[in-house]
Amino acid sequence: MLDTLKAANKLVGLKQSHRALRDGRVTRAFLAEDAEEKIARPFVEACAFGKVELIRVESMALLGEACGLDVGAAVAVILK
């Protein structure tokens with residue numbers, strides 16, 4: 001599932017991802033299990049409100065790597 005992130009049209013990071021969720025531009029969302037609660041809770045709620053599939057990833061390091069980054073990422077989304 002994470003393989004799709006490298007080549008997909010995506011956004012990484014909370015602010016951009018949350019904005020895309022609000023705008024209805026997201027097909028799938030990813031959340032790192034070790035993301036801070038203050039980040040995770042509103043993101044999970046936004047995904048539920050927008051009826052977007054949410055995939056939980058083991059760690060921020062793994063999600064960042066899947067996105068092609070050298071740093072960790074708490075959230076990422078695939079755009080329509």
Side-chain angles (χ1 to χ4, degrees):
M1 186 67 71
L2 288 178
D3 301 349
T4 59
L5 276 170
K6 281 197 180 180
N9 185 17
K10 66 183 168 296
L11 293 173
V12 181
L14 181 63
K15 288 182 183 180
Q16 292 182 61
S17 296
H18 201 259
R19 189 176 309 120
L21 277 166
R22 275 196 324 260
D23 295 343
R25 300 184 295 136
V26 176
T27 60
R28 187 175 294 148
F30 298 84
L31 172 66
E33 290 287 346
D34 59 348
E36 292 182 34
E37 181 65 25
K38 67 180 182 181
I39 291 172
R41 182 178 300 159
F43 189 73
V44 169
E45 291 171 359
C47 289
F49 182 78
K51 297 183 173 107
V52 172
E53 177 185 12
L54 177 64
I55 298 164
R56 296 187 181 263
V57 180
E58 186 177 326
S59 69
M60 290 174 43
L62 188 61
L63 183 55
E65 181 181 326
C67 292
L69 303 174
D70 293 331
V71 295
V75 299
V77 295
I78 295 179
L79 301 174
K80 293 180 179 176

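Along the sequence shown, residues are numbered consecutively beginning with 1.
Tracing side-chain contacts under 4.5 Å through hydrophobic residues (I, L, V, M, F, W, Y), one never reaches Leu11 starting from Leu62; they form parts of separate clusters. Both Leu14 and Leu54 are assigned to one and the same hydrophobic cluster, defined by single-linkage of ILVMFWY side chains at heavy-atom distances under 4.5 Å.
How far NZ of Lys80 is from CZ of Arg25: 10.5 Å, rounded to the nearest 0.5 Å. Within the model, atoms CG of Leu2 and SG of Cys67 stand 8.0 Å from one another, a figure rounded to the nearest 0.5 Å. To the nearest 0.5 Å, the span separating CE on Met60 from CG on Leu69 amounts to 11.0 Å. Here the CD1-CD distance, from Ile78 to Glu53, works out to 9.0 Å after rounding to the nearest 0.5 Å. From Leu79, atom CG reaches atom NZ of Lys10 across 9.5 Å, with rounding to the nearest 0.5 Å. Atom CG of Leu21 and atom NE2 of His18 lie 6.5 Å apart (nearest 0.5 Å).
Other residues, nucleotides and ligands contribute more than 12 heavy atoms inside 6.0 Å of the CZ atom of Arg22. Taking a 6.0 Å sphere around CD of Glu33, one finds it holds more than 12 heavy atoms contributed by other residues, nucleotides or ligands.
Within the 4.5 Å cutoff, side-chain heavy atoms of Phe43 are placed close to those of Val77. Side-chain atoms of Leu5 and Glu65, non-hydrogen and from C-beta on, never get closer than 4.5 Å to each other. Contact check for Ile55 versus Leu31: no side-chain heavy atoms found under the 4.5 Å cut-off.
For the residue pair Val26 and Ser17, the shortest heavy atom distance occurs at CG2-O, 4.5 Å. Considering every non-hydrogen atom in both Ala73 and Val12, the closest pair reads CB-CG1, 3.6 Å.
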